[in-house]
Amino acid sequence: MKRILVTGGTGYIGSHTCVELIQAGYEVIIMDNLYNSSIAVLDRIEQIAGTKPKFYRTDLLDKEGLERIFAENEIDAVIHFAGYKAVGESVQIPMTYYENNIAGSLNLYRAMDNAGVKKLVFSSSATVYGDPESVPIREDFKTHTTNPYGSTKLMNEMILADICTSDPEWSVLLLRYFNPIGAHRSGLLGEVPNGIPNNLVPYIARVANGTLDYLRVWGNDYPTPDGTGVRDYIHVVDLAKGHIKAVEYAFGHPGCERINLGTGNGYSVLEVLHAYEKACGRELPYRIMDRRPGDIAECWADTEKAERLLGWKAQYNIDDMCEDSWRFTVNNPDGIK
Ligand code: NAD
Ligand code: UD1
């Protein structure tokens with residue numbers, strides 16, 4: 001049985017990936033400092049997948065703690081989710097973001113190298129494409145970042161590409177996620193945003209449960225069919241499954257690959273709102289506001305490379321994503337405790 005270390009494994013995408021890994025027959029070890037997640041996620045994973053992963057409460061900045069994990073476990077590959085992810089916050093406290101996401105990640109790569117573990121799947125983001133010249137976005141499009149968070153993703157990609165060049169035994173998959181939303185079908189796992197959400201679906205979920213009054217739609221004068229921004233929303237379980245395929249690929253293919261994980265379909269803000277209305281069974285109020293600074297008009301993935309290399313394609317549609325988000329929201333009014 002292959003053993004996978006999942007950093008950030010109690011977080012939103014990490015927890016769903018742990019479930020899929022266990023169900024695919026992998027042994028899972030999680031390391032997380034619980035900065036943005038709860039220890040109770042371990043019980044939820046066990047409830048769904050039947051096994052409670054071994055857990056280390058360790059910080060990426062704790063070099064010795066990382067070395068200990070590799071000394072105590074024979075790890076075959078690492079999936080690296082741990083990091084800070086709030087775009088606006090990264091502009092306010094860039095040093096904290098670079099320290100956590102760059103210095104912390106380097107500690108992990110060093111500990112892996114010292115232990116001879118050279119297979120890695122890294123959480124990157126479509127944010128590395130900046131404002132793309134056209135859609136759908138292919139992996140060979142120009143990269144460009146507009147905030148420290150995005151820069152930490154692009155810098156990690158560059159560091160990992162250099163590591164692969166220096167040592168042909170390394171195998172790295174840089175997965176560029178589009179917009180992950182939704183929750184596990186069981187209603188046991190999902191996204192628990194800190195404070196008032198910035199992202200669309202977590203915000204709509206709070207309007208739907210009455211915590212927030214109305215959705216503020218950031219602009220309806222974009223060159224898109226209904227004027228509101230268009231994104232490639234992807235169900236978090238589809239995304240998690242993409243990681244299983246990526247790990248499998250890493251075992252057979254040394255080198256470094258950049259791969260989009262999206263559905264290849266774009267939905268506007270109003271289309272998502274209407275899908276959520278169907279899911280929760282009532283009309284949701286909204287107001288059109290000015291554009292949000294830094295937003296782009298539209299963004300969706302070319303998924304050909306993921307299909308060709310990984311044999312992976314997203315299965316869930318926007319209605320599934322909204323239904324699952326709503327189920328999680330209703331079942332967990334206080335988050336995962
Ligand atoms: P999340 O915040 O739910 O999970 C990240 C986990 O990492 C949390 O449990 C947190 O406690 C942990 N963590 C943070 N810093 C740590 C440190 N120094 N040491 C140990 N653990 C630490 O976020 P998520 O949405 O699951 O995202 C996972 C990864 O995917 C992140 O790297 C994120 O940047 C990337 N990503 C997310 C999205 C998205 O929309 N959610 C989109 C693109 C990329
Ligand atoms: C944002 C981040 C991006 C990150 C991604 C996933 C910015 C500028 N970009 O992308 O780096 O990778 O989240 O975490 O923050 N919208 C509203 N009202 C809201 C919230 C959003 O109308 O209250 C609209 C936005 O204008 C956009 C769409 O909904 O058109 C999606 O927004 P969001 O969920 O924040 O994701 P992105 O902007 O794609």
Side-chain angles (χ1 to χ4, degrees), residues 6-17 30-39 41 56-62 65-66 79-91 96-97 99-101 103-105 107-108 122-131 145-147 149-150 152-153 156 175-181 190-194 196-204 206-207 212 214-220 222 224 228-234 236 239-240 243 261 266-270 272-273 286-300:
V6 181
T7 77
T10 43
Y12 173 47
I13 306 170
S15 58
H16 288 83
T17 302
I30 295 178
M31 86 75 124
D32 200 300
N33 64 359
L34 301 179
Y35 168 80
N36 196 34
S37 54
S38 156
I39 189 78
V41 166
Y56 285 87
R57 183 169 188 171
T58 303
D59 196 302
L60 285 173
L61 295 171
D62 171 6
L66 283 170
I79 307 183
H80 179 31
F81 293 104
Y84 295 155
K85 63 167 184 176
V87 173
E89 187 182 64
S90 78
V91 178
T96 306
Y97 269 68
E99 185 172 36
N100 201 49
N101 293 6
S105 295
N107 289 342
L108 173 70
F122 174 70
S123 297
S124 189
S125 166
T127 193
V128 300
Y129 296 115
D131 194 352
T145 60
T146 54
N147 56 71
Y149 165 72
T152 69
K153 290 298 173 197
N156 264 288
L175 301 183
R176 293 172 171 171
Y177 312 154
F178 280 67
N179 289 56
I181 61 167
E191 186 171 15
V192 186
N194 227 337
I196 296 178
N198 280 314
N199 294 122
L200 180 64
V201 170
Y203 200 101
I204 295 178
R206 301 245 175 134
V207 175
L212 294 167
Y214 58 89
L215 174 70
R216 293 166 301 169
V217 175
W218 302 128
N220 68 348
Y222 284 105
T224 59
T228 65
V230 169
R231 298 288 185 275
D232 186 340
Y233 297 94
I234 173 167
V236 65
L239 194 69
H243 289 73
L261 293 187
Y267 288 96
S268 74
V269 175
L270 293 179
V272 175
L273 183 71
Y286 67 91
R287 287 187 201 166
I288 305 292
M289 315 294 280
D290 288 342
R291 291 181 180 192
R292 182 171 69 177
D295 270 0
I296 57 176
E298 52 183 10
C299 166
W300 67 87

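One-based numbering, in listed order, for ligands and for the atoms of each. Side chains are part of it too, since the values below use all heavy atoms of this structure and drop only hydrogens, waters and symmetry mates.
In Thr58, the part holding a heavy atom less than 4.0 Å from any atom of ligand 1 is the backbone. Of all the heavy atoms of Asn36, the ones lying under 4.0 Å from any atom of ligand 1 are found in both the backbone and the side chain.
When all heavy atoms of Tyr233 and Leu200 are compared, the closest pair comes out as OH-CD2, 3.2 Å. Across all non-hydrogen atoms, the minimal contact from Pro193 to Arg206 is O-NH2, 3.4 Å. Heavy atoms only, all atoms of each residue included: Met31 and Leu66 are closest at CE-CD2, 3.5 Å. Residues Asn101 and Thr152 approach most closely at ND2-OG1, 3.2 Å, considering heavy atoms.
Atom 40 (O) of ligand 1 has Pro180 CD, 3.3 Å as its closest protein atom, hydrogens excluded (heavy atom only). In this structure, the protein non-hydrogen atom closest to atom 28 (C) of ligand 1 is Phe81 O, 3.6 Å. Of the protein's heavy atoms, Tyr149 OH, 2.7 Å lies nearest to atom 34 (O) of ligand 1. In terms of protein heavy-atom proximity, atom 24 (P) of ligand 1 is closest to Lys85 NZ, 3.7 Å. For atom 17 (C) of ligand 1, the nearest non-hydrogen atom of the protein is Asn33 ND2, 3.2 Å. Looking only at heavy atoms of the protein, atom 8 (C) of ligand 1 is closest to Asp32 OD2, 3.5 Å. Closest protein heavy atom to atom 18 (N) of ligand 1: Asn100 OD1, 2.6 Å. Of the protein's non-hydrogen atoms, Tyr12 N, 2.8 Å is the one closest to atom 3 (O) of ligand 1.
Residues passing the side-chain contact (heavy atoms from CB on, under 4.5 Å) test with Arg57, sequence neighbours excluded: Leu34, Phe55. Val87 is linked by a side-chain contact (heavy atoms from CB on, under 4.5 Å) to Asn147, Tyr149, counting only residues two or more places apart in sequence or in another chain. The salt bridge (Lys or Arg N to Asp or Glu O under 4.0 Å) search around Asp62 returns none, not counting sequence neighbours.
Remark: the backbone N or O of Leu60 is not paired with any side-chain donor or acceptor of Asn33 at under 3.5 angstrom. Using a distance-only test at 3.5 Å, with no hydrogens or angles considered, no donor-acceptor pair links the side chain of Thr145 to the main chain of Val128. Not a single donor-acceptor pair under 3.5 Å links the side chain of Tyr97 to the backbone N or O of Gly150.
Each of the following atoms of ligand 1 lies closer than 4.0 Å to a heavy atom of Ser125: 43 (C), 44 (C). The ligand atoms of ligand 1 that sit less than 4.0 angstrom from a heavy atom of Ser124 are 43 (C), 44 (C). Against a heavy-atom cut-off of under 4.0 Å, Tyr35 is close to the following atoms of ligand 1: 11 (O). Those atoms of ligand 1 that come under 4.0 Å of a heavy atom in Ser123, given as number and element, are 29 (C), 30 (O), 32 (O), 35 (C).
Results of the side-chain hydrogen bond (donor to acceptor under 3.5 Å, both in side chains) test with Thr10 over Ser38, Ser15, Ser37 single out Ser37 as the only residue that passes.
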Which protein N or O atoms sit under 3.5 Å from any N or O of ligand 2? Give atom names and distances.
unit_1: ligand 2; atom_1: 11 (O); unit_2: Thr127; atom_2: OG1; d: 3.3
unit_1: ligand 2; atom_1: 12 (O); unit_2: Ser125; atom_2: OG; d: 3.3
unit_1: ligand 2; atom_1: 13 (O); unit_2: Asn199; atom_2: ND2; d: 3.0
unit_1: ligand 2; atom_1: 18 (N); unit_2: Arg216; atom_2: O; d: 2.7
unit_1: ligand 2; atom_1: 18 (N); unit_2: Trp218; atom_2: NE1; d: 3.3
unit_1: ligand 2; atom_1: 22 (O); unit_2: Arg216; atom_2: O; d: 3.4
unit_1: ligand 2; atom_1: 22 (O); unit_2: Trp218; atom_2: N; d: 2.9
unit_1: ligand 2; atom_1: 26 (O); unit_2: Asp295; atom_2: OD2; d: 2.6
unit_1: ligand 2; atom_1: 34 (O); unit_2: Asn199; atom_2: ND2; d: 3.3
unit_1: ligand 2; atom_1: 34 (O); unit_2: Leu200; atom_2: N; d: 2.8
unit_1: ligand 2; atom_1: 35 (O); unit_2: Asn199; atom_2: ND2; d: 3.0
unit_1: ligand 2; atom_1: 35 (O); unit_2: Arg292; atom_2: NH1; d: 3.4
unit_1: ligand 2; atom_1: 35 (O); unit_2: Arg292; atom_2: NH2; d: 2.8
unit_1: ligand 2; atom_1: 36 (O); unit_2: Asn179; atom_2: ND2; d: 3.2
unit_1: ligand 2; atom_1: 38 (O); unit_2: Arg292; atom_2: NH2; d: 2.9
unit_1: ligand 2; atom_1: 39 (O); unit_2: Asn179; atom_2: ND2; d: 3.0
unit_1: ligand 2; atom_1: 39 (O); unit_2: Arg231; atom_2: NE; d: 2.6

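In terms of polar-atom proximity, defined here as any N/O pair under 3.5 Å, Ile13 does make such a contact with ligand 1. Between Ala82 and ligand 1, no N or O atom pair is found at a separation short of 3.5 Å.
By the 6.0 Å and 45° rule, Arg291 stacks over the aromatic ring of Tyr222.
For the pair Leu34 and ligand 1, a heavy-atom separation below 4.0 Å is found. Heavy-atom distances between Lys153 and ligand 1 reach below 4.0 Å in at least one pair. Distances shorter than 4.0 angstrom do not occur between any heavy atom of Gly104 and any atom of ligand 1.
For the atom pair CD1 (Ile30) and OG1 (Thr58), the distance works out to 12.0 Å, reported to the nearest 0.5 Å. Here the straight-line distance linking atom CZ of Phe122 with atom CZ of Arg176 works out to 10.5 Å at 0.5 Å rounding.
When the options Tyr56, Tyr177, Phe122 are ranked by their closest heavy atom to atom 43 (C) of ligand 1, first place goes to Tyr177.
The existence of a salt bridge linking Lys85 and Glu191 is confirmed by a sub-4.0 Å separation between a basic side-chain nitrogen and an acidic carboxylate oxygen.
Neither side chain, His80 nor Ser123, offers a donor N or O lying under 3.5 Å from an acceptor on the other.
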